[in-house]
Every structure is written in C-alpha cells, then in structure tokens.
Amino acid sequence: RKEVEQDPGPFNVPEGATVAFNCTYSNSASQSFFWYRQDCRKEPKLLMSVYSSGNEDGRFTAQLNRASQYISLLIRDSKLSDSATYLCVVATYNNNDMRFGAGTRLTVKP
Amino acid sequence: GAVVSQHPSRVICKSGTSVKIECRSLDFQATTMFWYRQFPKKSLMLMATSNEGSKATYEQGVEKDKFLINHASLTLSTLTVTSAHPEDSSFYICSATTAGTSGYNEQFFGPGTRLTVL
C-alpha cells in the first residue's frame, strides 16, 4: 500500500466549478499535512498546510480527518490559473520525512 | 519566502558519465537539505536527507555509491550521479529547511534539474 494515495484524476472542469480532491495516508504517526501545487516541469510550491480543525484560504478549503487518515482539498470558483497538479503531502515529526502523493491533475477550461 | 536554486536546470549527458547537481539556499542557512527524484506522472520520491557536515541518510533502495551527496556548507549541497545510465533520467529536485530538529520546518524547493542520459 502506498504511503499517500490520491484520486488519480485527471479532473477537467469548467471555470467557476467547485472541485474536491481526496487523499489518504497510511502512517498513523503522521503529524503534518500539506497540499502542494506543481505546475508542469516545475518544482512543487506550498499551497496550504492542513490543520485538524480545517482551514480556509480564499477559495481553497482543506480538511483533515485523523481518525480516517483522510485529507481533502476543496477549490471553489475555479480559475484557469488553478490548472496544475495538486500534491498531497504528509510528514511525521519535523517535516524531515515528507511523503508525497502521486498528485491529481486539474485542468480548468474556459 | 526563502529561495533555493539548483544548477544546472537541465543536463543531457552520455551513458557512463557523471553529473553533478548543485543545490543552494540563497538567503538562508539550511541545516538540512533533501534530494528527491520524480519520474513523469509520478510522485516525488525522497532519495536522501543531507545534514551539513555529516553523511547523508539514504532512503531504502537508493544506492549511496551511485548518488553521492555532499553537504559541505550551510548553503550548498551537491548530488553527483555517477556512471549515469538512461534509467537515471529523471527530474531531480532539492529542498532545504531552515530550522533545527524541533518545531515546524517548511521545506523550500529548488526549481529542479532535468537529467537526460543518452
């Protein structure tokens, strides 16, 4: 079983749509959770951290369910610029052992 | 945010040659640097963790004699792919953290190096 599993995608949505990505992780000792965004042939960039209480940053909402070892990312009012691959990342103590999901590809179309 | 650079951004080499990739933290001192590899449409896979002044810790399945890592200063780590073969062709990405062994440490990623071995 992979340490971090994500929806395989790809997701093709029209502008303005709401889209949700799911992620599960296998290591119950994981303490830190993140969503990264990676554009084609570029490095990953931190989109947002994910907290137990859930958190929101503009059009992006992240949720964490420790009991189910499940993380989600909701994007509202999708923009063309949201097109990218979204990586679910978990880490244990210190973030010195980040484990990446394979990513979910999102394409937002006009 | 903190800036991490990599050099070269792209390299094409012949099979059997060695390739050195540099990772630099430009505006902060990185106590720990990480090296990842990413194959097309696959996730980033951690290859090794490198602490300044000490030997790197390699992930299971990563050959330390093939992927030589040197972290000689707080701002520079190098990855040398020795005797490269076509199967080593990949996107190599480094990252660096600022803090020590406690607390939240954000990893800042370099722009990556695309290696193609002919």
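Chain identifiers are assigned alphabetically (A, B, ...) following the order of the sequence lines, protein sequences preceding nucleic acid strands; residue numbering begins at 1 within each chain. All values below were derived from every heavy atom in this structure, side-chain atoms included, with hydrogens, water molecules and symmetry-related copies excluded.
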**OP:** Determine whether A/V4 and B/S43 make a side-chain contact, defined as any pair of heavy atoms from C-beta on separated by less than 4.5 Å.
**Re:** no
Original post:
Below 4.5 Å, heavy atoms only, C-beta onward: do B/Q6 and A/E43 meet side chain to side chain?
Top reply: no
Subject >> Nearest non-hydrogen partners of A/Q38 and B/F91, listed with the distance >> reply: NE2-CE2, 4.3 Å
**OP:** Could you tell me the separation between the CD atom of B/Q107 and the OH atom of A/Y36, rounded to the nearest 0.5 Å?
**Re:** 6.0 Å
Original post:
Same cluster for B/V81 and B/V62 if Ile/Leu/Val/Met/Phe/Trp/Tyr side chains link at under 4.5 Å?
Top reply: yes
Original post:
B/I93 versus chain A, heavy atoms under 4.5 Å apart: side chain, backbone, both or neither?
Top reply: side chain
Subject >> Proximal component of A/R105, with respect to chain B [non-hydrogen, under 4.5 Å] >> reply: neither
Original post:
Are B/I69 and B/M45 linked, directly or through other ILVMFWY residues, by side chains that come within less than 4.5 angstrom of each other?
Top reply: no
**OP:** For chain B, find which of A/R99, A/K42, A/K45, A/R41 contributes the most heavy-atom pairs closer than 4.5 angstrom.
**Re:** A/R41
Original post:
Does one hydrophobic cluster hold both A/I71 and A/Y86, with members joined at side-chain heavy-atom distances below 4.5 Å?
Top reply: yes
Original post:
When hydrophobic residues are tied together by side-chain contacts of less than 4.5 Å, even through go-betweens, does B/L115 share a cluster with B/M33?
Top reply: no
Original post:
When hydrophobic residues are tied together by side-chain contacts of less than 4.5 Å, even through go-betweens, does A/L47 share a cluster with A/L80?
Top reply: yes
Subject >> Non-hydrogen atoms of B/Y36 and A/M98 that approach each other most closely >> reply: OH-CB, 3.9 Å
Subject >> Exceeds 12 heavy-atom contacts within 6.0 angstrom, atom CZ of A/R59 >> reply: yes
